[in-house]
Amino acid sequence: MMAAIVEAAHAAQDQPPDEATEQAPSRPSSKRPRSGRRLFRFDRSLGCRFVAGADEAGRGSLAGPLVAAAVLFDLERLSLSDRRALARLNDSKQHTEEGREELYPLVLRAAARSCIVSRCVRGIDARGLHVTNLDALRCALLGVARDGTLCLVDGFGVPEFGFEQRAVIDGDCRSAAIAGASVLAKVTRDRYMRKAAERHPGWEFETNVGYSTPEHRAAIAEQGISPLHRLSFQSIAYQQLAIEG
């Protein structure tokens, strides 16, 4: 199944990925309440007007798509009101679900460009998780980059795509662009998984969004796997349950 690519600029992303994962429910933020200032300070220290960041959601899930997002900030045109609105910006895992939903439209409004890419379960099974993840991040950055853009990726680089790039360790809590992408990817994927729970009841995707929680593993043991589960993912949960592909 072909990947769905959705590009947004100054508008909310309401469409879920086209196929039907991320970590179990996030804990409330323990970071400083105005971490956004620190993150934008890091991006400005790179010396580029255009800074793009990319991050993904669902890489470690048992079920559901992998969603990558990229955000481009024009640091010369970013308004004071946008910077103030994003004062709480941080890695999406440092926020509650409600906090991410509040930040989502603010990131879209502040971004010069944004792009969200999803990769479906069968595509992940066919190509492998790592290859799929790198390709999704690369495609998301291609969707936002323009001449003179420095592209940042959380943790590792992606295959060459014609723009300068830099891997930033713990980038989702250091760079505003990566943190913004983290929020877009996480919210988009979680919205999809909540809707998927209506079509595939019994696995509680509305609460575990495909991650290996005890409740999710218990549901797999009782009901088996759903059409949203990744068969190629060598999870310890699958090995413990002795599920065969």
Side-chain angles (χ1 to χ4, degrees), residues 1-19 21-22 39 43 46 48 50-61 64-74 89 91-93 100 103-121 123-124 127-168 170-193:
M1 190 171 186
M2 296 299 293
I5 300 180
V6 182
E7 183 168 353
H10 314 299
Q13 294 285 345
D14 293 324
Q15 294 298 321
D18 60 323
E19 244 296 339
T21 161
E22 201 171 359
L39 270 60
D43 287 1
L46 301 173
C48 294
F50 301 107
V51 175
D55 201 5
E56 50 72 30
R59 182 171 54 183
S61 299
L66 182 142
V67 177
V71 166
L72 174 72
F73 285 128
D74 181 345
L89 183 63
D91 171 18
S92 65
K93 294 185 291 297
R100 289 190 294 269
L103 283 168
Y104 186 88
L106 301 179
V107 171
L108 289 174
R109 186 180 71 185
R113 295 178 180 178
S114 57
C115 181
I116 299 173
V117 175
S118 76
R119 294 290 186 260
C120 69
V121 172
I124 295 171
R127 303 183 65 189
L129 180 63
H130 184 61
V131 171
T132 300
N133 184 44
L134 292 180
D135 182 67
L137 291 167
R138 180 178 181 274
C139 286
L141 286 169
L142 279 171
V144 301
R146 53 174 297 172
D147 290 345
T149 299
L150 173 60
C151 296
L152 309 178
V153 184
D154 185 23
F156 47 81
V158 301
E160 175 61 36
F161 61 108
F163 292 92
E164 182 183 359
Q165 64 169 299
R166 186 176 304 177
V168 182
D170 295 327
D172 47 10
C173 58
R174 294 178 63 193
S175 161
I178 295 178
S182 174
V183 168
L184 296 192
K186 175 65 172 164
V187 170
T188 299
R189 189 178 182 283
D190 285 1
R191 288 178 181 178
Y192 175 77
M193 292 303 289

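Keep in mind that what you see is a predicted model, and the values were worked out from it rather than measured. Note: hydrogens, waters and symmetry copies are ignored here, and every other heavy atom, side chains too, is used.
- To the nearest 0.5 Å, atoms CZ (R174) and CG (L152) are separated by 10.0 Å.
- Across all non-hydrogen atoms, the minimal contact from A181 to G53 is CB-O, 3.5 Å.
- Side-chain contact between R166 and L46 is present, with heavy atoms from C-beta onward closer than 4.5 Å.
- The distance from the CG atom of L39 to the CG atom of L89 is 5.5 Å, given to the nearest 0.5 Å.
- Of all heavy-atom pairs between A185 and A68, the closest is CB-C, 4.4 Å.
- In this structure a side-chain-to-backbone donor-acceptor pair under 3.5 Å is present from D154 to G171.
- To the nearest 0.5 Å, atom CG of residue L66 and atom CD of residue E56 are 5.5 Å apart.
- Not a single donor-acceptor pair under 3.5 Å links the side chain of D43 to the backbone N or O of S175.
- Within the model, atoms CG of L129 and CG of L134 stand 9.5 Å from one another, a figure rounded to the nearest 0.5 Å.
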Enumerate, atom names and distances included, each donor-acceptor pair closer than 3.5 Å involving a side-chain atom of residues 144-151, sequence neighbours excluded.
unit_1, atom_1, unit_2, atom_2, d
T149, OG1, R146, N, 3.0
T149, OG1, R146, O, 2.7

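- L184 places a side-chain heavy atom less than 4.5 Å from the side chain of S114.
- Counting only heavy atoms from C-beta outward, the side chains of I178 and V153 never approach each other to under 4.5 Å.
- Residues F161 and L141 have side chains in contact (heavy-atom distance under 4.5 Å, counting atoms from C-beta outward).
- Summarising the geometry of P65 relative to I124, their closest heavy-atom pair is C-CD1, 4.4 Å, with the distance given to 0.1 Å.
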Test side chain to side chain contact (heavy atoms under 4.5 Å, CB included) applied to V67 and Y192, step by step: CA-CA 10 Å; V67 177; Y192 175 77; over 6 Å; no
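- Smallest separation of non-hydrogen atoms from A140 and A70: O-CB, 3.3 Å.
- Applying the side chain to side chain donor-acceptor pair (under 3.5 Å) test to residues at least two apart or on different chains, the pairs with a partner in residues 132-145 are R119-D135, R127-D135.
- A donor-acceptor contact shorter than 3.5 Å is absent between the side chain of Q165 and the backbone of A167.
- Both the sub-6.0 Å distance and the 45° axial angle are satisfied by R191 relative to the ring of Y104.
- The pair R100-D190 meets the salt-bridge criterion, with a side-chain N (NZ, NE, NH1 or NH2) lying under 4.0 Å from an Asp/Glu carboxylate O.
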